[in-house]
Amino acid sequence: MARILVSDEEEILCRALDRFLSGLGHEVSTAPEGRELLAKLDSARPDVVITDVHMRRVGGAKIVDALTPRGKAVAMIAMSGRGGLENEALGHASGLIGAVVSLTKPFSLDELRVALDAVLAVG
């Protein structure tokens, strides 16, 4: 199974995704905001980062930049409640990091499972 790092400013969403993904057998770490996500990248060594790309202090571009120099490809599932997921940062990400998939909030757990299967199949 995969090591997954989940980051969102909505604590309830982080907890729900942690329970769901752990129930699928994945090793999950959470970060309630972007700065903590960046701080946890080295210790968590994720295969997949599932993150809101419109957080207050750290947005999608900074997260992509932090994932880029990793020794192995890190897939990213980008979430947003605002739409606009086909933005420059994500377009840029697909050429620099592992697989990139976007989800618009609210999304179902089935949609998340499909997205996760897709990024893991590429890696």
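As a basis for the values below, the full set of heavy atoms in this structure was taken, side chains included, without hydrogen atoms, waters or symmetry mates.
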Are Met79 and Val53 side-chain neighbours, meaning at least one heavy-atom pair lies under 4.5 Å? no
Mind checking side-chain hydrogen bond (donor to acceptor under 3.5 Å, both in side chains) for Lys40 and listing every partner two or more places apart, or none if nothing turns up? Glu36
So do the side chains of Val49 and Leu41 get within less than 4.5 Å of each other, counting heavy atoms only? yes
Could you state the interatomic distance from CD (Glu9) to OG1 (Thr51), rounded to the nearest 0.5 Å? 9.0 Å
Atom pair OG/CZ of Ser80 and Phe107 - distance to nearest 0.5 Å: 10.5 Å
Taking a hydrophobic cluster as the set of Ile, Leu, Val, Met, Phe, Trp and Tyr residues connected by side-chain heavy atoms closer than 4.5 Å, whether directly or through intermediates, do Val101 and Leu109 fall within one such cluster? yes
Rounded distance (nearest 0.5 Å) linking atom NZ of Lys105 with atom CG of Asp52: 3.5 Å
Contact between Asp47 and Val119 at the side-chain level, heavy atoms closer than 4.5 Å - yes or no? no
Is the closest side-chain heavy-atom distance between Leu112 and Ile77 below 4.5 Å? yes
Say you draw a straight line from CD1 of Ile63 to OG of Ser7; how long is it, rounded to the nearest 0.5 Å? 6.0 Å
pair Arg3-Val28: side-chain heavy atoms closer than 4.5 Å: no
Nearest heavy-atom neighbours spanning Arg45 and Asp42: CG-O, 3.1 Å
Pro32 side chain near Glu11 side chain, heavy-atom distance below 4.5 Å: no
Look up atom CZ in Phe20 and atom NE2 in His26, then write down how far apart they are to the nearest 0.5 Å. 8.0 Å
Applying side-chain contact (heavy atoms from CB on, under 4.5 Å), run through Val58 and Leu38 and close with a yes or a no. CA-CA 9 Å; Val58 176; Leu38 297 178; 3.9 Å; yes
Salt bridge present between Asp18 and Arg15 (N-O < 4.0 angstrom): no
Which residue pairs satisfy the salt bridge (Lys or Arg N to Asp or Glu O under 4.0 Å) criterion with at least one member in residues 24-35, sequence neighbours excluded? Glu33-Arg35
Output for pair (Leu116 CG, Leu21 CG), nearest 0.5 Å, gives 6.5 Å
Within a strict 4.5 Å, meaning less than it, do heavy atoms of the Val74 and Val48 side chains meet? no
Do Thr30 and Leu17 have side chains that get closer than 4.5 Å, going by heavy atoms? no
